[in-house]
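In what follows, chains are A, B, ... by sequence order, proteins preceding strands, each numbered from 1. Just so it is clear, the structure is predicted and the values come from calculations on it, not from any experiment. Keep in mind that the numbers below use all heavy atoms, side chains included, and drop hydrogens, waters and symmetry copies.
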2 protein chains.
Amino acid sequence: MPAHAHRSQTVKVKDVAREAGVAVGTVSRVLNDHPAVTKELRERVEKAMAHLGYEVDVTAQSMRAGRSRLVACAIRDFDIPRFALFIKEAEAVLREAGYTLLLASTTNRPDVEIALLRAFRRRRVDGVMMTLSDEQHRDVRAALSEATMPVLLIDRDRIEALDRVTADHREGARLATSHLLGLGHRRIAMLVGDLKAFPSRSRLEGFRAAYAAAGIAPDPRLLRDDVLSSEDAYRATSSLMSLAEPPTALFVAAMDMLGGCLRALRTMGLAVGDGISVVAGSDSDLAELYWPPITAIAWDLAAMGRHAATMLLERMRGDEIERGRGLTVPTELIIRGSSRPFAN
Amino acid sequence: MPAHAHRSQTVKVKDVAREAGVAVGTVSRVLNDHPAVTKELRERVEKAMAHLGYEVDVTAQSMRAGRSRLVACAIRDFDIPRFALFIKEAEAVLREAGYTLLLASTTNRPDVEIALLRAFRRRRVDGVMMTLSDEQHRDVRAALSEATMPVLLIDRDRIEALDRVTADHREGARLATSHLLGLGHRRIAMLVGDLKAFPSRSRLEGFRAAYAAAGIAPDPRLLRDDVLSSEDAYRATSSLMSLAEPPTALFVAAMDMLGGCLRALRTMGLAVGDGISVVAGSDSDLAELYWPPITAIAWDLAAMGRHAATMLLERMRGDEIERGRGLTVPTELIIRGSSRPFAN
DNA sequence: GACTCTTGATGAACCGGTTCATTGACTCAA
DNA sequence: TTGAGTCAATGAACCGGTTCATCAAGAGTC
């Protein structure tokens, strides 16, 4: 492609049409691979486009077509290291299909979520994948039902007929808790995020299910919810380990909170595995390489990203598919040295 | 805002104008806060908009205005945990200014970089911030000079008149190397990324400057470049430590490669600090919480993101500013237990 | 009272593509 | 030879805003 040439101002279909000696409609047909164009004309038009360095204006296309080939992704906070994998894979799938990714952070606030949905609609975004701070929030639900484009929920509870991809947090948490109970621990503390959102609720369910299966009741004083940052995890761990009867095991179930927990233990002079067992709710280099290595729950965020993008593409294509599909990726427990038998 | 009402089809300026009993031009003026509208008419129009649930079509606005209020960010790979901080802060600044962020991954390939620049132009993107796989690549430079919108380089070398934000990798690497040399190490291995890109080149410069200042020559056999993934770092570390004369210190200068290095050492049964010192090129939870904690170079990626967005906004505003501005955030060396005096 | 200025409102043209009713050429059958 | 049927190409209307030349009304001046 030479692309050099007459970059005087911007070249438009009209210019290409004149250069090729055809009508604008024909140029448009060539651009859109319409079958009813003779090979000869097609070549003439393509030559003219190359010669003039023509580039379609996507805005103008969107204008007429009513769709933008944009897909928006709005999540709580980009700054969750492993979540980048989700976005990376989703972007790759979408780009492959000719879509461009719009990114926005909801900062976990309902009003921002609503404002973003509105902004996306104003941009004629073709599809949205997002998290929600609170699936029950009335105004958010209203905004979702007013959305004119398909919305796919990322790791959130079922809402009406929206598609969703989730990880099996319930099972992950159940496995982790059973594992600790099986090692003889009875005082297991759980650090979990915002219970208004699906992952934390599921994890708590799994935790309780494991206790129930063992016929024991967990000590409610050992539950810390609303652990949303590493600093929160630091504070929660410090306060838990300062209890008169501290826990013998810590289940740091919120994503990416392990650092704060370990920092607190180190500050207090406590060694993981020696008296206090630790299980992390998500795997990481830190979990793998810490000494002792930290038992962790793992799941495939890359697959989640791919599935999310693929499901959304299908929905945008308008295929006749049942509404409200859900896809759950499995979680597994990777047992390492940080979870040891309880020795009293 | 009721927003209920006549959501028959989409409401347009024309409908609002009819409802308010004014001309479409007046509605447009109200939308754009044009001063020449009487308070009374403004209120009537606003009431009509609220009543009809009107929402402007950004595509149509872009069409006429020639600008999209989109800013694109294209980086090598989202999957660099700390880089999320950059994007997060940049997005916040841009959104505040009324822009939406487009995200794409270049996968570090020149052809993708060129294709993305073209795609951004087609979308009338107002500004771009991006990394480059190779600042010297002819076709990429040609594509950049053909770009019609301002482009800001993220952590890359000066190219013609483009703005840039960088971290002072040279100084960080110099500090790290001096530190190790000062501890008596003479055989320091360096793991670094692609030398075609600025950060790796700068780090190597800093490394060599420190050696030069000490009046010593580094052993070229201890340099490993093209370390781009954690697996690369694993292999490089393994091969280095298998040398007949292995290094006494490892400087893992590439970003986010520490995990692979530590994994290799663990596999080989080598303990950090005991015989082999380690310095990481970027800080992380892993570096801080590993035992012994890893000496690391740190810089403020959040500030880089904010500065990048701010500089790009200024440029897009068309302010009369000198071309080719550069902003460098400082790096510092956080000395921890992984770097110890060389004992022969 | 005539004239000039100022200010607010109007609506047709425009941004750059796509779509579709219409046209013209050509083939084939009766 | 005529009529029906295909198929490629045409170009005006359209998508939904913004802009700007034009106009009307009211204020101010002499």
Side-chain angles (χ1 to χ4, degrees), chain A residues 7-46 48-49 52-70 98 119 121-126 148, chain B residues 7-46 48-49 52-70 98 119 121-126 148:
Chain A
R7 185 167 292 297
S8 56
Q9 284 310 312
T10 52
V11 182
K12 311 161 201 178
V13 268
K14 205 194 292 183
D15 304 313
V16 175
R18 194 185 316 114
E19 171 88 10
V22 300
V24 289
T26 307
V27 177
S28 178
R29 281 186 174 186
V30 171
L31 277 173
N32 296 287
D33 284 320
H34 191 100
V37 188
T38 52
K39 200 176 155 195
E40 187 248 330
L41 267 203
R42 173 181 304 280
E43 278 166 8
R44 232 162 73 204
V45 170
E46 279 168 351
M49 295 202 287
L52 298 174
Y54 173 75
E55 270 178 351
V56 275
D57 184 318
V58 180
T59 309
Q61 291 186 311
S62 307
M63 180 78 186
R64 184 76 231 255
R67 52 128 191 68
S68 60
R69 299 232 167 262
L70 288 173
R121 188 168 43 193
R122 279 204 274 267
R123 286 208 179 268
R124 296 195 186 177
V125 157
D126 295 339
T148 47
Chain B
R7 187 165 289 298
S8 56
Q9 284 310 311
T10 53
V11 182
K12 310 163 201 176
V13 268
K14 204 193 296 184
D15 305 313
V16 176
R18 193 186 315 115
E19 171 88 10
V22 299
V24 289
T26 306
V27 177
S28 178
R29 281 184 172 187
V30 171
L31 277 174
N32 295 286
D33 282 322
H34 191 101
V37 188
T38 52
K39 199 173 156 197
E40 185 249 330
L41 267 203
R42 173 181 303 280
E43 278 167 7
R44 231 164 73 204
V45 170
E46 278 167 352
M49 294 201 288
L52 299 175
Y54 173 75
E55 270 178 352
V56 276
D57 184 318
V58 181
T59 308
Q61 291 185 310
S62 307
M63 180 77 184
R64 185 76 231 253
R67 53 130 191 67
S68 58
R69 299 233 168 263
L70 288 173
R121 189 168 43 195
R122 278 205 274 269
R123 286 208 180 268
R124 298 196 187 176
V125 157
D126 295 338
T148 48

Original post:
Which part of the nucleic acid, if any, lies within reach of B/Val22 when heavy atoms closer than 4.0 Å are counted: base, sugar-phosphate only, or nothing?
Top reply: sugar-phosphate

Subject >> Residue A/Arg124, side-chain heavy atoms: nucleotide from D/dG11, C/dG17, D/dC15 that is nearest >> reply: D/dC15

Original post:
Between D/dG11, C/dG16, D/dT10, which one does the side chain of A/Val24 approach most closely?
Top reply: D/dG11

Original post:
So, does the side chain of B/Arg29 form a donor-acceptor pair with the base of C/dA9 at under 3.5 Å?
Top reply: yes

**OP:** Starting at atom CG of A/Asp57, determine the distance to atom P of D/dG16, rounded to an integer number of angstrom.
**Re:** 17 Å

Subject >> Close side-chain approach of B/Met49 to B/Leu31, heavy-atom, < 4.5 Å >> reply: yes

Original post:
Quick one: A/His34 NE2 to C/dG17 C1', roughly how many Å, whole number?
Top reply: 16 Å

**OP:** Give B/Arg122 one of three labels, base, sugar-phosphate or nothing, depending on what nucleic acid heavy atoms sit under 4.0 Å from its own.
**Re:** nothing

**OP:** Report the nucleotide, chosen from D/dG16, D/dA13, D/dA9, that has the shortest atom-to-atom distance to any side-chain atom of B/Lys12.
**Re:** D/dG16

Subject >> Nucleotide nearest A/Ala60 (side chain, heavy atoms from C-beta), chosen from C/dG17, D/dC15, C/dC15 >> reply: C/dG17

Subject >> Earlier contact from the 5' end, DNA chain D, for B/Val27 and A/Gly21 >> reply: A/Gly21

Original post:
At under 4.0 Å between heavy atoms, what does A/Ser28 touch on the DNA or RNA strands: base, sugar-phosphate, or nothing?
Top reply: base

**OP:** Quick one: label B/Arg42 by what it contacts on the DNA or RNA (base, sugar-phosphate, nothing), any heavy atom closer than 4.0 Å.
**Re:** nothing

When the side chains of residues 57-66 of chain B are checked against the rest of the protein, which donor-acceptor pairs come out under 3.5 Å, sequence neighbours left out?
{"unit_1": "B/Asp57", "atom_1": "OD1", "unit_2": "A/Arg124", "atom_2": "NE", "d": "3.4"}
{"unit_1": "B/Asp57", "atom_1": "OD1", "unit_2": "B/Thr59", "atom_2": "N", "d": "2.8"}
{"unit_1": "B/Asp57", "atom_1": "OD1", "unit_2": "B/Thr59", "atom_2": "OG1", "d": "3.4"}
{"unit_1": "B/Asp57", "atom_1": "OD1", "unit_2": "B/Ala60", "atom_2": "N", "d": "3.0"}
{"unit_1": "B/Asp57", "atom_1": "OD2", "unit_2": "A/Arg124", "atom_2": "NE", "d": "2.5"}
{"unit_1": "B/Asp57", "atom_1": "OD2", "unit_2": "A/Arg124", "atom_2": "NH2", "d": "2.4"}
{"unit_1": "B/Ser62", "atom_1": "OG", "unit_2": "B/Val58", "atom_2": "O", "d": "2.8"}
{"unit_1": "B/Ser62", "atom_1": "OG", "unit_2": "B/Arg67", "atom_2": "O", "d": "3.4"}

Original post:
Considering only side-chain heavy atoms of B/Thr38, which listed nucleotide, D/dG16, C/dG8, C/dC15, is closest?
Top reply: C/dG8

Original post:
Can a side chain N or O of A/Gln61 be found less than 4.0 Å away from OP1 or OP2 on C/dT18?
Top reply: yes

Subject >> Length of the line joining B/Tyr54:OH and D/dG17:C1', which is rounded to integer Å >> reply: 7 Å

**OP:** Have a look at A/Ala65 and say if it touches a base, only the backbone sugar-phosphate, or nothing, with a 4.0 Å heavy-atom cut-off.
**Re:** nothing

